Amino acid sequence: QVRLVESGGGSVQAGGSLRLSCVASGKPINSACMAWFRQAPGNEREVVAGMSMGGSFTYYTDPVKGRFTIARANAMNTLYLQMNSLKSEDTAMYYCAARPSGYSCGGGVRDVSDFHYWGQGTQVTVSS
């Protein structure tokens with residue numbers, strides 16, 4: 001089994017920055033596709049960014065392009081999300097997700113059902 005633990009959320013003012021981290025433990029997932037999702041109250045869970053193991057594939061949803069950066073340190077089984085120029089509409093619970101080892105990001109990363117492992121989430125609140 002794989003366990004994902006997110007950290008780094010918090011409350012910031014608009015224009016500020018946060019860096020989210022996701023540490024994976026259990027079975028190795030360093031060959032898996034990983035992504036960050038977010039869910040605001042009353043909204044569906046949506047992908048924010050996704051990345052393949054070697055970084056050859058990255059995806060960002062349009063509202064965060066140019067502001068957020070996804071990165072991973074495979075040796076440490078860690079996924080990051082650097083969030084700059086935060087806006088009030090970025091307020092949400094942020095989740096780390098991973099596909100099983102050996103599953104690529106082929107087909108895209110927008111479908112929540114393609115991800116088998118999920119963290120418990122970390123809250124990001126941006127005040128204007």
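Quantities reported herein were computed from a predicted structural model and do not represent experimental measurements.
- Cluster annotation: V23 is not connected to L81 through the hydrophobic network of ILVMFWY side chains, with a link wherever side-chain heavy atoms come within less than 4.5 Å.
- Between Y94 and F68, the ring-plane angle classifies as tilted under the 30° and 60° cut-offs.
- When all heavy atoms of A24 and L4 are compared, the closest pair comes out as CB-CD2, 3.5 Å.
- V47 is connected to W118 through a chain of hydrophobic side-chain contacts under 4.5 Å among Ile, Leu, Val, Met, Phe, Trp and Tyr, so both are in one cluster.
- Relative ring orientation between F115 and F37 is described as perpendicular, the plane-to-plane angle rising above 60° on a 0-90° scale split at 30° and 60°.
- Residues V109 and M34 are members of separate hydrophobic clusters, defined by side-chain heavy-atom contacts under 4.5 angstrom among Ile, Leu, Val, Met, Phe, Trp and Tyr.
- A salt bridge is defined here as a Lys NZ or Arg NE, NH1 or NH2 lying under 4.0 Å from an Asp or Glu carboxylate O, and D90 with K87 fails to meet this definition.
- Taking every heavy atom of both residues into account, Q123 and T125 meet most closely at NE2-OG1, 3.4 Å.
- Side chain of T91 to main chain of V126: a donor-acceptor pair is present (N/O by atom type, distance under 3.5 Å, no hydrogens or angles).
- Using modelled atom types, one side-chain atom of W36 and one backbone atom of Y80 make a donor-acceptor pair closer than 3.5 Å.
- For the salt bridge (Lys or Arg N to Asp or Glu O under 4.0 Å) test, residues two or more places apart in sequence or in another chain that qualify with D114 are R99.
- Atom CE of M93 and atom CZ of R38 lie 14.0 Å apart (nearest 0.5 Å).
- Between S128 and A14 the shortest heavy-atom distance is CA-CB, 4.2 Å.
- A distance of 7.0 Å separates OG of S52 from CZ of R72, quoted to the nearest 0.5 Å.
- Interatomic distance, Y60 OH to M51 CE, rounded to the nearest 0.5 Å: 7.0 Å.
- For the pair E6 (side chain) and C96 (backbone), a donor-acceptor distance under 3.5 Å is present.
- Partners of E89 by salt bridge (Lys or Arg N to Asp or Glu O under 4.0 Å), not counting sequence neighbours: none found.
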Cut-off 3.5 Å, no hydrogens considered: what does the side-chain donor-acceptor table look like for residues 15-22, sequence neighbours left out?
| residue | atom | partner | partner atom | Å |
| --- | --- | --- | --- | --- |
| S17 | OG | N84 | OD1 | 2.9 |

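- Each of Y59 and I70 belongs to its own hydrophobic cluster when Ile, Leu, Val, Met, Phe, Trp and Tyr are linked at side-chain heavy-atom distances under 4.5 angstrom.
- Contact detail for Y95 and G119: the closest heavy-atom pair is CD2-O, 3.6 Å.
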